[in-house]
Amino acid sequence: MNYKEFVGQVQHRLEYAQFGPAVRASRAVLTTLGERLQEGEATDLASPLPMEIDRYLTEANHGQRFDYQEFLDRIAERGGLDRADANYHAQQLLAVVAEVVPPGNIEKVRGQLPEDFEPLFEHVEIDE
């Protein structure tokens with residue numbers, strides 16, 4: 001999947017009429033996820049993504065420890081959203097990422113995050 005296809009999927013899932021808000025949503029969610037993950041996991045998750053998108057994960061300040069509510073607060077602040085919309089954006093972004101990366105990469109991310117992050121994976125479909 002190339003950059004335009006990825007952002008187009010995000011745009012479709014979030015029902016944005018324009019490309020720009022989908023890019024901003026991608027940046028807000030993936031940068032915040034990158035901050036929560038260890039560097040190796042962020043790199044593994046990012047590697048199959050388009051290079052314009054993978055940098056949000058790889059250039060984050062990795063290994064920070066915060067709970068799911070703080071995760072949503074950071075996305076909300078970056079994206080100019082309320083917490084409910086931040087949650088929806090995060091879930092939809094991860095679902096798009098899960099369509100691109102191998103299932104094992106998503107499972108590694110899931111395994112690294114605390115249990116309170118489980119809502120993040122609500123829309124992720126993994127084919128066993």
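Nothing fancy with the numbering, it's 1 onward along the sequence.
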Neighbour count >12 (heavy atoms, 6.0 Å) for atom CD, Glu118: yes
Please report the C-alpha distance between Leu37 and Leu113 in whole Å, then the side-chain angles of each, then the deciding distance to 0.1 Å, and finally whether the side-chain contact (heavy atoms from CB on, under 4.5 Å) criterion is met. CA-CA 8 Å; Leu37 297 175; Leu113 296 171; 4.0 Å; yes
Measuring from Arg55:CZ to Thr31:OG1, what's the distance to the nearest 0.5 Å? 8.5 Å
Is there a side-chain contact between Ile53 and Val100 in this structure, where contact means two heavy atoms from C-beta onward sitting under 4.5 Å apart? no
For Ala28 and Gly79, which heavy atoms make the closest approach, and how far apart are they? CB-N, 4.1 Å
Pairwise salt bridge (Lys or Arg N to Asp or Glu O under 4.0 Å) hits with a residue in residues 5-17, at least two apart: Arg13-Glu99
Using every non-hydrogen atom in the two residues, find where Val101 and Leu45 come nearest and quote the distance to one decimal. CG1-O, 3.3 Å
Please lay out, stage by stage, how Leu57 and Leu49 fare under the test side-chain contact (heavy atoms from CB on, under 4.5 Å). CA-CA 10 Å; Leu57 286 161; Leu49 298 175; 3.7 Å; yes
Would you confirm whether the ring centroid of Tyr68 sits within less than 6.0 angstrom of the ring centroid of Phe71? yes
Which residue pairs satisfy the salt bridge (Lys or Arg N to Asp or Glu O under 4.0 Å) criterion with at least one member in residues 26-52, sequence neighbours excluded? Glu35-Arg74, Glu35-Arg78
Val97 to Phe6 - nearest heavy-atom pair and separation: CG2-CZ, 4.0 Å
Of all heavy-atom pairs linking Asp54 and Ala46, the shortest is CB-O, 3.2 Å
Evaluation steps, side-chain contact (heavy atoms from CB on, under 4.5 Å), between Tyr56 and Val23: CA-CA 11 Å; Tyr56 301 139; Val23 172; 3.8 Å; yes
Of all heavy-atom pairs linking Pro119 and Asn87, the shortest is CB-OD1, 4.5 Å
Sorted by first residue and then second, give each ring-ring contact (aromatic ring centres under 6.0 Å, His included) pair with at least one member in residues 86-116; sequence neighbours left out. Tyr16-His89
Would you check if the side chain of His62 reaches a backbone N or O of Ala60 as a donor-acceptor pair within less than 3.5 Å? yes
Do you know which of Ile75, Leu94, Leu93 makes side chain to side chain contact (heavy atoms under 4.5 Å, CB included) with Leu33? Leu94
Minimum heavy-atom separation for Phe19 and Tyr3, please, with both atom names. CE2-CE2, 3.9 Å
To the nearest 0.5 Å, how far apart are CZ in Arg110 and CG in Leu120? 9.0 Å
